[in-house]
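What follows is a single structure, written as structure tokens, with notes after it.
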Amino acid sequence: MQQKIIILDFGSQTTQLIGRRVRELDTFCEIVPYNKFPKDDPSIIGVILSGSPYSVYDPEAFKVDLEQFRGKLPILGICYGAQYISHTLGGKVEPAGTREYGRANLNFIEDGNPLFKGFDKDSQVWMSHGDTITAIPQGFRCIASTEKVKFAAYQANDEKIWGVQFHPEVFHSLQGTLLLKNFVVDICGGKQDWSPASFIETTVQELKQQVGNDKVVLGLSGGVDSSVAAVLLNKAIGKNLTCIFVNNGLLRKNEFQDVLRDYECLGLNVIGVDASKKFYDELAGVEEPEKKRKIIGKGFVDVFNAEAQKIKDAKWLGQGTIYPDRIESLNITGRTIKSHHNVGGLPKDMKLQLCEPLKWLFKDEVRRVGRQLGMPEHLIKRHPFPGPGLGVRILGDITPEKVRILQDADDIFIRGLREWKTENGETLYDQVWQAGVILLPIKSVGVMGDERTYEQAVALRAVTSADAMTADWAHLPYEFLAKVSNDIIRNVKGVNRVAYDISSKPPATIEWE
Ligand code: XMP
């Protein structure tokens, strides 16, 4: 049986990060809403209570009955989680006066506490809380303080309960992963036995059972998630999987042919549908960004449906949905703020059941699985690319000629990123989260040889990011930008000016539309 840690989500922005850190320890974990602790699940080996935007005194504060797992499983409370345990079991929590925010250094009150095994003296942690624990329950003891926070960490004397007011899951808690490892491995007895190979083995077995001899259709996008899902399904059910890859005319230069070839090399049963003309026709003259998105989205569903209907007896729709797409985070009103469905326009009349083999994985795990499956590195490391493709990177209306200009400019930029080696041996492509060119709806004057030109301007966009929620513009070397600008202006007919977008998200977004 696969062991798991349960992370109770009290609505903190960093709950997902706790999950990722635990998974990095090769231990399976599930993030569940604070009030959905799974009953009678013998595979659970420990419980982590997350932070929360609430104070324990707020009337709407999220409450959990600790008795569901107290005394049965080791418990770690983080920030609000620590305050909630302390408050509920007889300690005292009060407003901190000023919010305790930023770096702090731990001062250990006792030697050898298992939670801090291997920690450096004065280890740096990250604090972010408005309330603070001013008294811990009877039978608890303080195990670490910081200059400003007396009860930075505590432990129950006779129970496996720990609480920390800092955030071990964030990067600035320099030994935070070690703390989580101490909890998950030493205290809870985690075997760290999750590996891409074991995941593939069990998932292939499960898929065989789930799908049997039924037929599955799956829409490929060229991105990592749908590609890995397809390869996994292919391993489980072979020719009963039919993949559909639609060219909406808004893909990168040569992408349709290149990716189709990659898929064929991977042994996938894939149908490539070139529907460019349909999309160009429907988009002609449309300038409004949301309208363009809707047309492209609906066009995809139409083409996909038409192809899928041809596959007789298809019973399942395979999808590359991953765990972050499904985790429900709680906002301060307790309502779901993100409930993403990869399903898009799942055709209702097709009555297909969903098959999502990657639904428990984080992105980095999907990549590890892809590598283990022997997929080529350029597919695995591929940057994210928006569903509406170049359609949201051509500002204003879309024409085949504009697509051609943008594809050429984008190709020079992306190839440049892939070829430019940095000091540490990585390419610039590997160092940025996402990059692309935007075709601007303006013309400007230039001079080429003896001739005056009046042509279009493009903007280069490259960002660094961890999850696309926030992003910074990538500080690309000037020499690189100079080369790309030169190459584009010389080689792309119709462009005589190149700008570099230096806006961060927020307040800008990654895409321009
Ligand atoms: P923004 O522009 O909101 O983008 O900062 C965040 C991430 O989402 C991608 N993106 C999209 N992906 N359909 C998609 O499938 C869309 O309509 C869409 N809009 C933005 C964007 O490329 C970035 O990775």
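Side-chain contact of Q3 with S43: a donor-acceptor pair under 3.5 Å is absent, judged by distance alone. Side-chain N/O atoms of Y80 and S12 include no donor and acceptor closer than 3.5 Å. Side-chain atoms of T464 and D472 form no donor-acceptor pair, as typed in the model, at a separation below 3.5 Å. In this structure, a donor-acceptor pair under 3.5 Å is present between the side chains of N113 and E110. No side-chain donor from either of S465 and Q434 sits under 3.5 Å from a side-chain acceptor of the other.
S52 places a side-chain N or O within 3.5 Å of a backbone atom of Y54 that can act as its donor or acceptor partner. Between the side chain of S198 and the backbone N or O of S195, at least one donor-acceptor pair lies under 3.5 Å. Proximity of a side-chain donor or acceptor of K292 to a complementary backbone N or O of G391 within less than 3.5 Å is detected. Side-chain atoms of S227 come within 3.5 Å of backbone atoms of G223 as a donor-acceptor pair (strictly under, hydrogens ignored). The backbone N or O of A144 lies less than 3.5 Å from no partner atom in the side chain of Y154, so there is not a single donor-acceptor pair. Between the S173 side chain and the W126 main chain, a donor and an acceptor come within less than 3.5 Å of each other. Between the side chain of S86 and the backbone N or O of A82, no donor-acceptor pair lies under 3.5 Å. In this structure, Q407 contributes its side chain and L251 its backbone to a donor-acceptor pair below 3.5 Å. Not one N or O on the side chain of Q319 forms a donor-acceptor pair closer than 3.5 Å with the backbone of S226. Of the possible donor and acceptor atoms, none in the side chain of H167 sits under 3.5 Å from a partner among the backbone N and O of G51.
Scanning for side-chain hydrogen bond (donor to acceptor under 3.5 Å, both in side chains) contacts around E365 gives R23, with sequence neighbours left out. Partners of K160 under the side-chain hydrogen bond (donor to acceptor under 3.5 Å, both in side chains) rule, at least two apart in sequence or in another chain, do not exist in this structure. Residues satisfying the side-chain hydrogen bond (donor to acceptor under 3.5 Å, both in side chains) test with T427, not counting sequence neighbours, are D430.
In terms of heavy atoms, G212 sits closest to I237 at O-CG2, 4.3 Å. When all heavy atoms of Q210 and C355 are compared, the closest pair comes out as OE1-SG, 3.7 Å.
Under the side-chain contact (heavy atoms from CB on, under 4.5 Å) test applied with L250, the options V392, L406, I296 reduce to a single match, I296. Here the rule is salt bridge (charged side-chain N to carboxylate O under 4.0 Å, His left out) with D225, and of K359, K363, R382 only K363 fits it. Across D26, T27, L179, L76, a single residue satisfies side-chain contact (heavy atoms from CB on, under 4.5 Å) together with V184, and that is T27. Exactly one residue among I7, I78, D9, L66 makes a side-chain contact (heavy atoms from CB on, under 4.5 Å) with L49. That residue is L66. Only one option out of V217, L218, V273 pairs with F304 in a side-chain contact (heavy atoms from CB on, under 4.5 Å); it is V217.
Taking the six-membered ring wherever Trp is involved, the centroid distance between the rings of H383 and Y429 falls below 6.0 Å. Between F480 and W420, the gap from one ring centroid to the other is short of 6.0 Å.
Heavy atoms from other residues, nucleotides or ligands lying under 6.0 Å from CG of D158 number 12 at most. Within a 6.0 Å radius of CD in Q257, more than 12 heavy atoms belonging to other residues, nucleotides or ligands are found. Annotation for E67: atom CD counts as buried by contact number, over 12 foreign heavy atoms lying within 6.0 Å. The local environment of CD in Q68 is crowded, with over 12 non-hydrogen atoms from other residues, nucleotides or ligands closer than 6.0 Å. The environment of N424 atom CG is dense: over 12 non-hydrogen atoms of other residues, nucleotides or ligands sit within 6.0 angstrom. Counting non-hydrogen atoms of neighbouring residues, nucleotides and ligands closer than 6.0 angstrom, the NZ atom of K505 exceeds 12 such neighbours.
For D186 and K117, the salt-bridge test passes: some basic side-chain N is under 4.0 Å from an acidic carboxylate O. At a threshold of 4.0 Å, the pair E513-R393 does not count as salt-bridged, since none of the basic side-chain nitrogens sits closer than that to a carboxylate oxygen. With respect to the salt-bridge test (charged N to carboxylate O, under 4.0 angstrom), the residues R371 and E377 qualify.
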Could you check R252 against D411 for salt bridge (charged side-chain N to carboxylate O under 4.0 Å, His left out), going step by step and ending with a plain yes or no?
-> CA-CA 7 Å; R252 293 195 138 117; D411 183 53; over 6 Å; no

Taking it one step at a time, do R21 and E24 satisfy salt bridge (charged side-chain N to carboxylate O under 4.0 Å, His left out)?
-> CA-CA 5 Å; R21 297 282 169 266; E24 281 165 18; 2.9 Å; yes

Residue pair D302, K298: steps toward the salt bridge (charged side-chain N to carboxylate O under 4.0 Å, His left out) verdict | CA-CA 6 Å; D302 289 349; K298 181 174 176 307; 2.9 Å; yes

Carefully, step by step, assess R261 and D258 under the rule salt bridge (charged side-chain N to carboxylate O under 4.0 Å, His left out).
-> CA-CA 5 Å; R261 198 171 326 114; D258 291 352; 3.6 Å; yes

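For the pair L17/F171, no side-chain contact is recorded, criterion being any heavy-atom separation below 4.5 Å from C-beta on. In this structure, F362 and P324 have side chains that are in contact, with non-hydrogen atoms separated by less than 4.5 Å. Contact of the V216 side chain with the K315 side chain is not registered, since no non-hydrogen atoms from C-beta on lie closer than 4.5 Å. L180 is listed as a side-chain neighbour of L25, based on a closest heavy-atom distance under 4.5 Å. Between D41 and K4, some side-chain heavy-atom pair lies under the 4.5 Å cut-off. Using a 4.5 Å heavy-atom cutoff, the side chains of D214 and N240 are not in contact. Under the 4.5 Å side-chain criterion, counting only non-hydrogen atoms from C-beta, I244 is not in contact with L220. At least one side-chain heavy atom of L89 sits less than 4.5 Å from a side-chain heavy atom of R70.
Ring pair Y323/W360 is tilted by interplanar angle, where 30° to 60° counts as tilted. Below 30°, between 30° and 60°, or above 60°: for F69 and F37 the angle between ring planes is between 30° and 60°, a tilted geometry.
A distance of 8.5 Å separates CD1 in I6 from CZ in F28, rounded to the nearest 0.5 Å. Between the OG1 atom of T321 and the CG atom of L354 there is a distance of 7.0 Å, given to the nearest 0.5 Å. Note that CG of D122 and CG of L174 are 12.0 Å apart. Values are rounded to the nearest 0.5 Å. W473 CH2 to S504 OG: the interatomic distance, rounded to the nearest 0.5 Å, is 8.0 Å. Note: R20 CZ to T14 OG1 = 12.0 Å, rounded to the nearest 0.5 Å. Between the CD atom in Q83 and the CZ atom in F10 there is a gap of 12.0 Å [rounded to 0.5 Å].
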